[in-house]
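Counting starts at 1 for both ligands and their atoms, following the listed order.
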Amino acid sequence: MNQQPIIVALDFPDANSALNLAKRLRGQPCHLKVGKELFTRSGSQIIEQLQALDFKIFLDLKFHDIPNTVAKAVEAAAAMGVWMVNVHASGGVKMMEAARNALIKFSQPPILIAVTVLTSLNDADLLEIGISSNVETHVQRLALLTKKAGLDGVVCSPKEIKLLRESIGKDFLLVTPGIRPIGSAQNDQQRILTPSQALDLGTNYLVIGRPITAAVDPVIALEEINRSLIS
Ligand code: C5P
């Protein structure tokens, strides 16, 4: 098993709240995810501040644009020293290859992954935008294209771990949100698995937000999750 599979989603509206939690989690076995809200409000400074606390950062901005623009954005993320960055697989193979090629010059490039189908979309939503495959088939197609483009892996829902592990093999990272430890609130997540169920099915990283960030004691919540993975 990956020694440090937990990525804590820092879904906060301001830098101070994010930094306060990060200071409490300092030294704990986890990585941190910075998404669109926090990054848009706080700018690249928040990445430097979190890295100064010795965290590895997943910059979750889901780039989706023409190949040149995405390549430059991924390059900018790599220059900030982030550990993981992502793009949308539906930007196409040329876009993903451009992103991958932009990282060649870095001696320690970030892990580059792609989002397949957003978990907020269902079969009817796909049909509406002209995609007649169902969600699972489309996820699988986009994950195979991601692999073909030479990226390191995809973000996937707990429901898709088994399918993708079987169809793409071992040598491909799966990063999975929708994780809920036993006893924690489901919130707005529809399809959930516990951390150990998701790892047993073959995911590599677990993205966990509110079960840790909204806990009375986030350090204890994280410790309990880590303990559940080895017992
Ligand atoms: O609080 P919670 O554990 O639900 O947070 C999950 C995190 O993973 C959030 O940052 C959310 O935006 C992200 N995410 C998700 N589902 C996806 C992709 C990302 O929940 N399909």
Side-chain angles (χ1 to χ4, degrees), residues 5-15 17-18 21-22 25 28 30-42 46-47 50 55-64 82-91 111-123 125-126 135-136 138-140 142-143 146 151 153-164 173-199 201 203-218 221-222 224-226 228-229:
I6 297 178
I7 302 173
V8 179
L10 286 184
D11 293 322
F12 291 108
D14 61 87
S17 311
L21 180 72
L25 293 178
Q28 296 292 324
C30 65
H31 307 302
L32 301 179
K33 179 171 90 71
V34 172
K36 288 187 168 98
E37 182 187 14
L38 181 59
F39 190 81
T40 305
R41 288 197 181 272
S42 314
I46 188 69
I47 304 296
L50 294 168
F55 286 104
K56 289 184 179 175
I57 307 301
F58 170 17
L59 185 61
D60 178 21
L61 297 181
K62 303 184 179 70
F63 297 129
H64 188 175
V82 302
W83 161 72
M84 182 181 276
V85 63
N86 59 2
V87 300
H88 266 287
S90 48
I111 295 168
L112 179 61
I113 60 173
V115 175
T116 56
V117 178
L118 292 169
T119 46
S120 51
L121 299 177
N122 60 27
D123 292 350
D125 297 317
L126 289 189
V135 168
E136 284 196 354
H138 202 52
V139 165
Q140 198 172 10
L142 289 173
T146 303
L151 273 59
V154 291
V155 181
C156 71
S157 84
K159 198 184 147 205
E160 293 146 7
I161 299 170
K162 190 164 179 282
L163 171 78
L164 292 182
L173 291 178
L174 302 180
V175 178
T176 310
I179 300 298
R180 288 293 177 266
I182 291 166
S184 71
Q186 188 167 340
N187 309 115
D188 49 1
Q189 295 285 5
Q190 299 297 323
R191 299 186 293 265
I192 55 172
L193 286 187
T194 67
S196 58
Q197 283 172 330
L199 286 176
L201 282 173
T203 197
N204 301 95
Y205 290 101
L206 308 165
V207 176
I208 307 180
R210 288 159 291 183
I212 294 171
T213 59
V216 177
D217 188 331
L222 177 62
E224 279 174 1
I225 295 170
N226 271 316
S228 77
L229 301 180

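For Glu37, the salt bridge (Lys or Arg N to Asp or Glu O under 4.0 Å) test picks out no residue, with sequence neighbours left out. Not counting sequence neighbours, the partners of Lys159 by the salt bridge (Lys or Arg N to Asp or Glu O under 4.0 Å) test are Glu136. With sequence neighbours left out, the salt bridge (Lys or Arg N to Asp or Glu O under 4.0 Å) criterion links Lys36 to no other residue.
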Could you go through ligand 1 and list every pair where one of its N or O atoms sits under 3.5 Å from a protein N or O, giving the atom names and the distance to one decimal?
{"from": "ligand 1", "atom 1": "1 (O)", "to": "Arg210", "atom 2": "N", "distance (Å)": "2.7"}
{"from": "ligand 1", "atom 1": "1 (O)", "to": "Arg210", "atom 2": "NE", "distance (Å)": "2.7"}
{"from": "ligand 1", "atom 1": "3 (O)", "to": "Arg180", "atom 2": "NH1", "distance (Å)": "2.9"}
{"from": "ligand 1", "atom 1": "3 (O)", "to": "Gly209", "atom 2": "N", "distance (Å)": "2.8"}
{"from": "ligand 1", "atom 1": "4 (O)", "to": "Arg180", "atom 2": "NH2", "distance (Å)": "2.8"}
{"from": "ligand 1", "atom 1": "4 (O)", "to": "Gln189", "atom 2": "NE2", "distance (Å)": "2.8"}
{"from": "ligand 1", "atom 1": "4 (O)", "to": "Arg210", "atom 2": "NH2", "distance (Å)": "2.7"}
{"from": "ligand 1", "atom 1": "10 (O)", "to": "Asp11", "atom 2": "OD1", "distance (Å)": "3.3"}
{"from": "ligand 1", "atom 1": "10 (O)", "to": "Asp11", "atom 2": "OD2", "distance (Å)": "2.7"}
{"from": "ligand 1", "atom 1": "10 (O)", "to": "Lys33", "atom 2": "NZ", "distance (Å)": "2.9"}
{"from": "ligand 1", "atom 1": "20 (O)", "to": "Gln189", "atom 2": "NE2", "distance (Å)": "2.9"}
{"from": "ligand 1", "atom 1": "21 (N)", "to": "Thr119", "atom 2": "OG1", "distance (Å)": "2.6"}

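In this structure, Ile182 places its CD1 atom where only 12 or fewer heavy-atom neighbours from other residues, nucleotides or ligands lie under 6.0 Å away.
Without hydrogens or angle criteria, Ser184 side chain to Pro181 main chain gives a donor-acceptor distance under 3.5 Å.
Side-chain contact between Phe39 and Asp60 is absent, with no heavy atoms from C-beta onward closer than 4.5 Å.
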